[in-house]
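These notes are about the structure you will find just below.
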Amino acid sequence: MTNPAEEILDVVDEKDEVVGLAPRGEVYARGLIHRCTFILVRDAQDRIFVHRRTPGKLVYPSMYDMFVGGVVGAGESYDDAALREAEEELGVSGLPRPEPLFRFLHDSGGVAGKWWSAVYEVRCDLPVRPQVEEVAWHAFLPEAEVVARLGEWRWVPDGLAAYGRLRARRG
């Protein structure tokens, strides 16, 4: 497996236009703007896939997230990255293409710069086998339980921002 810090990413500007390339580790260290995908995964009972990140993650280790996803590779489209990331993290193949919902620019407050965040949703009726390098714990939880846990668990800030925007859009 390649070292994640060496993965080459598109560096983008405040308008989400590509302005260069850099390794992920450099992007994070220098606070360069890059691209990420966030995929809300629901099962056949409409429950949300929630997981705790592994302690070895470069950003937000051991925190909970209600999205799967990750960085968009150099030259990769958001849509392709969303499908790739969802299948990798869930350990499945043959997912339907995630539905794009919206994008926003997230500022990590000095943790790893800013990133354009493309938010998607997908239904996964397949048995999941989450990637052990990415996922320390997982469950499909009813949305009411996810909402109840918002103030109890340590959630990734970018996921909280995306989820708040998603809930506001849905009223």
Side-chain angles (χ1 to χ4, degrees), residues 1-2 4 7-10 12 15-18 24 27 33-54 57-60 63-106 112 114-150 153 155-171:
M1 182 175 213
T2 310
E7 180 182 4
I8 302 298
L9 306 182
D10 285 328
V12 298
K15 295 178 183 169
D16 198 15
E17 294 176 5
V18 177
R24 185 196 301 212
V27 166
I33 304 174
H34 56 290
R35 294 172 169 162
C36 291
T37 59
F38 296 69
I39 306 96
L40 189 79
V41 180
R42 293 183 184 270
D43 68 4
Q45 289 78 46
D46 211 34
R47 297 175 300 180
I48 297 172
F49 180 84
V50 174
H51 69 283
R52 189 175 66 247
R53 296 163 63 89
T54 55
K57 295 291 287 180
L58 289 174
V59 178
Y60 307 133
M63 295 178 85
Y64 288 90
D65 201 347
M66 67 283 287
F67 294 93
V68 297
V71 297
V72 177
E76 188 176 31
S77 72
Y78 282 111
D79 290 352
D80 288 346
L83 180 59
R84 175 185 55 77
E85 286 284 350
E87 288 188 337
E88 282 177 6
E89 282 195 41
L90 296 170
V92 301
S93 59
L95 268 185
R97 210 163 206 11
E99 175 191 348
L101 302 176
F102 59 92
R103 292 183 196 170
F104 70 101
L105 182 60
H106 177 75
K114 296 179 184 177
W115 47 90
W116 277 98
S117 308
V119 180
Y120 291 79
E121 189 165 19
V122 72
R123 174 132 354 249
C124 179
D125 297 331
L126 304 165
V128 298
R129 295 175 304 286
Q131 199 174 24
V132 295
E133 300 85 10
E134 304 274 340
V135 177
W137 169 90
H138 73 279
F140 279 96
L141 301 177
E143 188 148 11
E145 185 171 346
V146 173
V147 171
R149 301 281 185 193
L150 291 178
W153 292 352
W155 296 89
V156 296
D158 56 351
L160 273 179
Y163 189 64
R165 288 171 186 258
L166 180 62
R167 291 183 67 211
R169 290 170 59 94
R170 294 198 167 147

How close do [X] and [Y] get, heavy atom to heavy atom, and via which atoms?
X: Val119; Y: Ala162; result: CG2-CB, 4.0 Å
X: Leu166; Y: Phe102; result: N-CZ, 3.8 Å
X: Cys36; Y: Val71; result: SG-CG1, 3.9 Å

Between [X] and [Y], does at least one N-O distance fall below 4.0 Å, as a salt bridge requires?
X: Lys57; Y: Glu133; answer: no
X: Arg53; Y: Glu134; answer: no
X: Glu87; Y: Arg129; answer: no

What distance separates [X] [atom1] from [Y] [atom2], expressed to the nearest 0.5 Å?
X: Leu141; Y: Met66; atom1: CG; atom2: CE; value: 10.0 Å
X: Arg35; Y: Arg103; atom1: CZ; atom2: CZ; value: 7.0 Å
X: His106; Y: Trp116; atom1: NE2; atom2: CH2; value: 13.0 Å
X: Glu121; Y: Arg42; atom1: CD; atom2: CZ; value: 5.0 Å
X: Ile39; Y: Leu90; atom1: CD1; atom2: CG; value: 8.5 Å
X: Ile33; Y: Leu9; atom1: CD1; atom2: CG; value: 13.5 Å

Exercise. Residues in ring-ring contact (aromatic ring centres under 6.0 Å, His included) with Phe49, at least two apart?
Worked result: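 Applying ring-ring contact (aromatic ring centres under 6.0 Å, His included) to Phe49 gives His51, His138, Phe140.
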Exercise. Residues in ring-ring contact (aromatic ring centres under 6.0 Å, His included) with His34, at least two apart?
Worked result: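 His34: ring-ring contact (aromatic ring centres under 6.0 Å, His included) contacts with Tyr28, Trp115.
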Check whether any side-chain heavy atom of [X] lies under 4.5 Å from a side-chain heavy atom of [Y], and answer yes or no.
X: Thr54; Y: Val135; answer: no
X: Pro142; Y: Gln45; answer: no
X: Thr37; Y: Tyr120; answer: yes

For this session: Hey, could you give me each pair passing salt bridge (charged side-chain N to carboxylate O under 4.0 Å, His left out) that has a residue in residues 157-166? Not counting sequence neighbours.
Result: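 Sorted pair list comes back empty.
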Can a donor-acceptor pair be found, under 3.5 Å and without considering hydrogens, that links the side chain of [X] to the backbone of [Y]?
X: Asp10; Y: Gly75; answer: yes
X: Arg123; Y: Asp43; answer: yes
X: Glu89; Y: Gly69; answer: yes

For this session: With sequence neighbours left out, write down each residue that passes side chain to side chain contact (heavy atoms under 4.5 Å, CB included) with Arg97, or none if nothing qualifies.
Result: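 Once residues adjacent in sequence are excluded, the partners of Arg97 under the side chain to side chain contact (heavy atoms under 4.5 Å, CB included) criterion are Asp79, Asp80, Leu83.
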Problem set entry | side chain to side chain contact (heavy atoms under 4.5 Å, CB included) involving Arg84 - partner list, sequence neighbours excluded |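 With sequence neighbours excluded, Arg84 shows a side chain to side chain contact (heavy atoms under 4.5 Å, CB included) to Glu76, Ala81, Glu88, given in chain and number order.
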Problem set entry | All side chain to side chain donor-acceptor pair (under 3.5 Å) counterparts of Glu99, not counting sequence neighbours |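 Once residues adjacent in sequence are excluded, Glu99 has no partner under the side chain to side chain donor-acceptor pair (under 3.5 Å) criterion.
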Problem set entry | Leu95 and Cys124: CA distance, side-chain angles, deciding distance, side-chain contact (heavy atoms from CB on, under 4.5 Å) verdict | CA-CA 7 Å; Leu95 268 185; Cys124 179; 3.7 Å; yes
Problem set entry | Evaluation steps, side-chain contact (heavy atoms from CB on, under 4.5 Å), between Asp65 and Tyr60 | CA-CA 10 Å; Asp65 201 347; Tyr60 307 133; over 6 Å; no
Exercise. Do the ring centers of Tyr64 and Trp137 come within less than 6.0 Å of each other?
Worked result: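 Under 6.0 Å, so yes.
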For this session: For side-chain contact (heavy atoms from CB on, under 4.5 Å), just list the numbers for Leu40 and Ile48, CA-CA rounded to whole Å, side-chain angles, deciding distance to a tenth of an Å, and then say yes or no.
Result: CA-CA 7 Å; Leu40 189 79; Ile48 297 172; 3.6 Å; yes
Exercise. Can you say whether the rings of Phe38 and Phe67 are parallel (under 30°), tilted (30 to 60°) or perpendicular (over 60°)?
Worked result: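 Rings of Phe38 and Phe67: perpendicular, over 60°.
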